[in-house]
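The structure appears below as structure tokens.
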Amino acid sequence: MADLKNFFDEMFGTGERRRESYRDYHQWLESQDTAWLHRKSAEAETVFRRIGITFSVYGEEEANERLIPFDVVPRIISTREWSRLVRGIQQRVQAINAFLHDIYHRQEILRAGRIPVESITENDAFLPQMIGVSPPGNVYTHIVGVDIVRTGEDEFHVLEDNARTPSGVSYMLENREIMLQMFPELFARINVQAVGDYPKNLMRSLGACAPRSCKDTPVIAVLTPGIYNSAYFEHAFLAGQMGAELVEGHDLRVVNGRIAMRTTQGYTPIDVIYRRVDDDYLDPLNFNPQSLLGVPGIFDVYRAGGVTIANAPGTGIADDKAIYSYMPEIIEFYTGEKARLNNVPTWRCSEPDALHYVLDNLSELVVKEVHGSGGYGMLVGPAATNKELAAFRNKLKATPANYIAQPTLSLSTAPILTKEGLESRHVDLRAFVLVSPDGIRTTPGGLTRVALQKASLVVNSSQGGGTKDTWVLEE
Amino acid sequence: MLGKTAAGLFWMFRYLERSENTARLLDAGFRLALTRSTAAENEWVSVMTSAGIKQAFIEKYERFDTTHVIDFLLRDQSNPSSVMSMIQSARDNARLLRTALTRELWEVTNECWLTLKELLARPIRERELPLALSTIQQQNALLGGTLHGTMMRNEIFDFARLGTFLERADSTARILDVKYYLLLPSVSLVGSSLDNVQWETILRSVSAQRAYHRLHQGDIHPKGIADFLILDRRMPRSLTFCYLKIVDNLTYLAKDYGVRHPCFEQAERVLARLMDRSIDDIVESGLHEFIQEFIRDNNALGVQIEKDYRFYG
């Protein structure tokens with residue numbers, strides 16, 4: 001079955017022997033009838049459709065709601081692998097918060113010459129309005145989604161630190177829910193660490209970051225751009241799970257120096273806003289004046305300590321793809337330790353030597369827009385046609401600073417259920433991290449994204465990727 | 001609760017109620033069209049008038065032809081009162097206020113939308129109509145059952161119910177408004193078969209023929225029908241029944257919030273006018289005027305509820 005033989009496989013490693021972490025599952029799987037698994041798979045799809053776990057794809061008709069394909073074969077991570085990942089993830093997230101505080105205050109890292117001044121000052125993701133602002137508890141990134149890829153038994157790389165408004169956690173939770181419903185006997189046989197506490201932990205984490213002036217139980221709201229946003233399902237899901245209000249910009253206004261929501265009984269103040277609206281749209285008075293999604297004046301209330309915004313405005317400077325390339329230096333600068341998780345080697349096309357190399361080797365590289373996300377606007381060299389390569393070469397030459405390039409990684413594979421039986425497909429992993437003054441917490445599990453097309457390396461749901469339940473085993 | 005959420009609930013349940021009423025009107029009209037093809041065209045005109053979409057229909061079609069009527073009432077997305085448009089709007093609202101609904105209620109709403117989208121993907125032929133209508137009714141019944149079986153009896157429930165009963169009162173009143181002349185003693189030719197069929201149709205369009213016959217041992221007469229639809233407190237689609245419910249729900253809200261808004265007095269006034277009169281009084285002082293006044297008051301109450309509970313600002 002392992003037809004992508006040159007890659008590390010989560011179930012089989014580099015050979016035909018299944019790995020220890022998959023022992024119990026594999027035993028179970030061997031005794032299952034494939035037709036029955038297919039029926040279960042169809043059942044899962046029906047349930048997902050009924051629940052309405054859909055996303056809309058930008059550029060398509062609004063009525064087009066798509067399901068993210070779900071694969072019933074879980075991705076399994078051993079306790080040991082996971083604790084190693086967690087140490088690396090938490091080190092990184094800690095460094096990111098220290099970096100953000102520094103970059104919006106004394107800028108020691110620039111003074112020390114560890115990263116170039118222009119990488120900050122000339123970066124659109126840097127928010128000058130945040131200079132001198134200290135969010136409650138000094139937490140900038142309350143929620144982080146770290147994307148990790150594996151290339152070998154002991155080789156993990158961080159592909160992206162999503163430190164703005166990472167999505168996907170609702171899929172992690174719903175995937176587990178559906179697996180529990182469909183294969184209860186598996187969970188009786190195998191000790192899988194629970195992920196279901198995430199909403200409760202998120203609630204606590206956000207509450208712990210309430211403004212200092214908040215004395216009672218903090219009032220928390222989720223701010224969504226609305227039902228046409230591609231991640232609306234998740235916004236509603238999280239608000240529902242937390243028992244928080246789901247608000248849009250037009251439900252809110254500034255009342256007596258606080259942010260308040262319009263209720264059936266008048267305006268009620270909010271302490272913490274988990275916003276799923278980008279910085280630029282947050283406040284038409286302070287940022288993009290065209291924005292209808294935000295709340296006029298919210299940033300002034302924020303600066304005055306009247307409300308907590310999670311994640312803090314301006315965190316994009318930490319997960320910007322150009323800054324990403326400096327993460328090893330950033331981690332060392334703030335933690336005094338070497339990075340525990342590798343970066344993917346990255347060429348910054350703004351540098352002439354790097355650009356030269358990238359142009360010469362374009363067909364072997366993956367090129368990404370510095371400010372892009374969701375797999376939009378990226379080039380996968382080995383999969384591109386000559387025409388696409390030529391077009392991209394022109395774009396690179398025109399605005400080199402807009403791009404970074406990375407080697408095409410040999411992403412690990414994991415088996416999925418296809419019409420032809422089990423087949424290998426490439427996967428990555430998004431780990432979900434919560435930060436509060438009480439510490440950093442990584443949910444044991446995450447969202448495994450899988451490229452459904454054979455040999456494809458693009459796992460983004462907007463580009464035809466699917467998901468799997470992700471199991472972290474209990475020792 | 002957010003004002004927007006209250007608005008979403010109110011409208012979600014108005015839309016659902018309206019879709020059910022549209023299906024019921026179509027059912028009654030279709031029955032009449034089948035049995036008396038000469039009366040069909042007239043009947044379709046009154047169905048469209050009751051549903052408030054006659055003008056829109058005329059702009060699109062030249063004749064009140066059964067095939068077009070079915071399509072316009074069930075599937076036409078350009079008709080905001082078609083069953084499909086209503087379900088789409090109800091589901092949009094449900095998405096907007098997912099956090100206020102139980103998981104069960106959201107799922108049933110979503111499934112109802114999926115089912116009807118599939119059912120109404122292609123034109124419904126006459127012989128498929130009864131089955132299609134019964135599917136629509138079943139889906140609505142599922143929604144109603146899930147609302148009652150899973151939702152807390154709190155403000156969320158109150159706003160949902162207000163939407164249902166305001167819409168239902170409007171619908172019954174519109175049916176009466178279009179057919180009132182059949183219920184007046186002066187024009188009615190008691191015993192003529194035409195009127196019998198017309199009366200049956202009125203009862204059928206509020207799903208009340210069985211109940212009515214049980215009450216009156218099969219003796220069908222116009223004043224009895226008017227009494228049944230306007231004043232009977234046991235009949236779930238009568239104006240009085242709807243207003244008893246509306247006043248109940250506004251009372252719960254007033255208690256919960258500790259405030260009595262103007263809408264409360266307004267609803268009580270409407271109810272009082274229904275309670276302190278017999279059907280003879282109403283007919284004597286003008287059935288048509290009475291119904292038209294009711295429709296105006298009912299609309300005004302909706303507007304006042306919006307204002308008092310800050311739906312939009």
Side-chain angles (χ1 to χ4, degrees), chain A residues 45-56 61-65 67 170 173-174 177 181 199 219-229 231-253 255 260-268 270 274, chain B residues 1-10 77 84-85 88-89 91-115 117-118 142 146 152 154-156 158-159 162 250 252-254 256-259 261 263 305-313:
Chain A
E45 195 183 313
T46 310
V47 174
F48 280 139
R49 204 168 278 286
R50 191 178 69 219
I51 304 174
I53 309 186
T54 53
F55 72 104
S56 20
E61 236 184 287
E62 153 268 301
N64 247 337
E65 291 174 19
L67 281 184
S170 57
L173 294 166
E174 290 289 6
E177 196 56 40
Q181 269 182 46
V219 176
I220 298 173
V222 178
L223 175 62
T224 172
I227 63 167
Y228 299 120
N229 183 271
Y232 177 77
F233 164 76
E234 177 156 303
H235 308 161
F237 176 88
L238 288 175
Q241 295 276 312
M242 290 196 290
E245 286 293 356
L246 180 65
V247 298
E248 292 174 51
H250 58 80
D251 296 315
L252 305 180
R253 69 153 70 145
V255 179
M261 54 187 168
R262 195 185 74 249
T263 74
T264 48
Q265 303 179 76
Y267 279 88
T268 307
I270 301 175
Y274 174 21
Chain B
M1 180 204 271
L2 292 177
K4 174 186 69 186
T5 308
L9 283 160
F10 180 79
Q77 303 268 3
M84 200 58 233
S85 301
Q88 180 71 49
S89 307
R91 194 251 185 186
D92 281 350
N93 272 279
R95 277 193 85 202
L96 193 72
L97 47 89
R98 271 187 79 145
T99 52
L101 306 179
T102 54
R103 183 163 181 143
E104 290 89 340
L105 184 55
W106 156 254
E107 287 182 15
V108 169
T109 309
N110 196 41
E111 211 165 359
C112 171
W113 172 73
L114 290 167
T115 307
K117 215 165 59 151
E118 203 185 322
L142 263 176
T146 310
M152 298 266 290
N154 56 12
E155 49 183 347
I156 296 177
D158 293 330
F159 284 111
L162 284 173
L250 287 173
Y252 301 141
L253 280 175
D256 256 15
Y257 291 171
V259 199
H261 288 300
C263 60
I305 289 173
E306 268 174 23
K307 234 188 258 161
D308 291 345
Y309 293 105
R310 297 163 167 272
F311 282 11
Y312 307 108

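These numbers were taken from a predicted model, which means no experiment stands behind them. Per chain, numbering begins at 1; letters A, B, ... match sequence-line order.
- The 12-atom threshold is not exceeded at OH of Tyr252(B), counting heavy atoms of other residues, nucleotides or ligands nearer than 6.0 Å.
- Of the atoms belonging to Glu248(A), heavy atoms from both backbone and side chain fall under 4.5 Å from chain B.
- No part of His235(A) comes within reach of chain B, as not one of its non-hydrogen atoms sits under 4.5 angstrom from that chain.
- Note that OG1 of Thr115(B) is 10.5 Å distant from CZ of Arg50(A), once rounded to the nearest 0.5 Å.
- Counting non-hydrogen atoms of other residues, nucleotides and ligands closer than 6.0 Å to CD of Glu118(B) gives a total of 12 or fewer.
- Among Glu245(A), Met261(A), Arg253(A), the residue with the largest count of heavy-atom pairs under 4.5 Å with chain B is Glu245(A).
- For the set Met1(B), Glu155(B), Arg98(B), His261(B), the entry with the most heavy-atom pairs within less than 4.5 Å of chain A is Met1(B).
- Formation of a donor-acceptor pair under 3.5 Å by the Tyr232(A) side chain with backbone atoms of Leu96(B) is found in this model.
- Looking at Phe159(B), the atoms closer than 4.5 Å to chain A (heavy atoms on both sides) all sit in the side chain, from C-beta outward.
- Formation of a donor-acceptor pair under 3.5 Å by the Asp251(A) side chain with backbone atoms of Leu2(B) is not found in this model.
- At distances below 3.5 Å, not a single donor-acceptor pair connects side-chain atoms of Tyr309(B) with backbone N or O atoms of Thr263(A).
- A 4.5 Å side-chain heavy-atom check between Glu111(B) and Arg49(A) finds every atom pair outside the cut-off.
- Contacts of residues 99-106 of chain B with chain A at a heavy-atom distance below 4.5 Å involve Thr99(B), Arg103(B), Trp106(B), listed in sequence order.
- Remark: side-chain polar atoms of Arg262(A) are paired, donor with acceptor, to backbone N or O of Arg310(B) under 3.5 angstrom.
- Per-residue counts of heavy-atom pairs under 4.5 Å with chain B were compared for Val222(A), Ile51(A), Thr268(A); the largest is that of Ile51(A).
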